[in-house]
Amino acid sequence: MKNPGNTEPQSQIDPSVSEDSNKELYPNAPLPTEIGMVLQLADGSIQGCNSHAPKLLGIAAEQMQGCSSINTPWQTVREDGSDFPGEMHPAMVALQTGQPCSNVIMGFYQPNGELIWLTLNSQPLFQGDRSTPYAVVTTFTELAQQKPEPVTHAPAPQLSDTLESISDGFFALDRDWRFTYLNLQAARWLNRREHPTF
């Protein structure tokens, strides 16, 4: 998408892009309110969003501003449950390649821990006849049919019964050193009230 005229991008962009400004930019395009939209500059920093983006992601617009796909505290996953690195997010790919990145499915963990599944589309923005984008707009919608939770590495019921009956403590960790399983003895030793068997 070319930027009309040769105007320079604004240095300060309101973090909350209004629905009215969407209508001004795309007067004939239907823009349902359930679509989240985020604007990122060439360095990947988030400069603005529409009013639905914070509602959908569970994050205030002010918290998003200045973050990028690479330096966010929010976890994203691929369809198979594996980590979805920030440099591979559609916005960053569109900025690197100058090509749109469409229909990418991503799992996003909201701050409350709930996993939602999104379909993302990223469109690079250009100034005049320059070949490198100065920004990217990403739109996203929540999938109507939510994907199943990624497969966890919890032991099968028989194994779990065995691990619970032993007097040794047993626990399992994921790649980020988070507990994925604790038997009762390990929970006691680690002084954990909850007994997670994720």
Side-chain angles (χ1 to χ4, degrees), residues 1-79 83-111 115-144 146-147:
M1 180 185 306
K2 298 282 185 190
N3 184 13
N6 287 325
T7 59
E8 290 294 318
Q10 296 177 351
S11 58
Q12 290 292 329
I13 300 174
D14 184 348
S16 180
V17 178
S18 74
E19 302 301 329
D20 289 338
S21 65
N22 292 340
K23 290 176 186 168
E24 290 171 20
L25 289 171
Y26 309 102
N28 297 324
L31 290 173
T33 57
E34 66 272 4
I35 293 179
M37 182 167 48
V38 172
L39 173 70
Q40 292 171 259
L41 296 181
D43 65 358
S45 63
I46 296 173
Q47 295 298 303
C49 62
N50 71 350
S51 62
H52 191 66
K55 293 176 193 170
L56 184 58
L57 300 178
I59 302 164
E62 296 77 23
Q63 289 177 297
M64 284 191 273
Q65 187 156 15
C67 288
S68 76
S69 297
I70 295 171
N71 71 357
T72 66
W74 307 294
Q75 183 182 2
T76 55
V77 293
R78 297 181 189 275
E79 289 182 83
D83 186 46
F84 200 147
E87 57 272 3
M88 300 304 296
H89 288 184
M92 302 309 288
V93 172
L95 284 170
Q96 291 165 8
T97 65
Q99 298 295 314
C101 199
S102 303
N103 299 316
V104 176
I105 296 176
M106 175 190 289
F108 180 89
Y109 282 96
Q110 296 174 319
L115 174 64
I116 60 169
W117 290 96
L118 306 169
T119 302
L120 294 90
N121 295 289
S122 295
Q123 176 68 47
L125 304 176
F126 298 90
Q127 276 192 299
D129 56 3
R130 294 184 184 170
S131 61
T132 56
Y134 75 91
V136 62
V137 171
T138 301
T139 58
F140 49 93
T141 56
E142 188 170 5
L143 289 176
Q146 287 295 303
K147 297 215 164 270

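Quick note: numbers below take in every heavy atom, side chains included, and nothing from hydrogens, waters or symmetry partners.
Note that the CD1 atom of I116 and the OH atom of Y109 stand 11.5 Å from one another [nearest 0.5 Å].
For the residue pair S122 and P124, the shortest heavy atom distance occurs at O-CD, 4.0 Å. Summarising the geometry of P111 relative to W74, their closest heavy-atom pair is CG-NE1, 4.2 Å, with the distance given to 0.1 Å. The two residues L57 and Q110 come nearest to each other via the heavy atoms O-CG, 3.4 Å.
H52 contributes no side-chain N or O that, together with a main-chain N or O of T141, makes up a donor-acceptor pair within less than 3.5 Å.
Under the side-chain contact (heavy atoms from CB on, under 4.5 Å) criterion, A135 pairs with L39, L41, L125, not counting sequence neighbours. Qualifying side-chain contact (heavy atoms from CB on, under 4.5 Å) partners for P85, counting only residues two or more places apart in sequence or in other chains: R78, D83, E87, M88. Applying the side-chain hydrogen bond (donor to acceptor under 3.5 Å, both in side chains) test to S45 and every residue at least two apart in sequence or in another chain returns D43, Q47. With sequence neighbours excluded, no residue forms a side-chain contact (heavy atoms from CB on, under 4.5 Å) with A42.
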Self-check item: Test log, rule side chain to side chain contact (heavy atoms under 4.5 Å, CB included), inputs Q40 and S69
Solution: CA-CA 9 Å; Q40 292 171 259; S69 297; 3.6 Å; yes
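Side-chain atoms of P90 and F140, non-hydrogen and from C-beta on, never get closer than 4.5 Å to each other. Between M37 and V137 there is a side-chain heavy-atom pair separated by less than 4.5 Å. Side-chain contact between F108 and L56 is absent, with no heavy-atom pair separated by less than 4.5 Å. The closest side-chain heavy-atom distance from E142 to E34 is not below 4.5 Å.
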Taking distance alone, no hydrogens or angles, what donor-acceptor pairs closer than 3.5 Å link side-chain atoms of residues 91-107 to residues at least two apart or in another chain?
unit_1: T97; atom_1: OG1; unit_2: V93; atom_2: O; d: 2.9
unit_1: T97; atom_1: OG1; unit_2: Q99; atom_2: N; d: 3.1

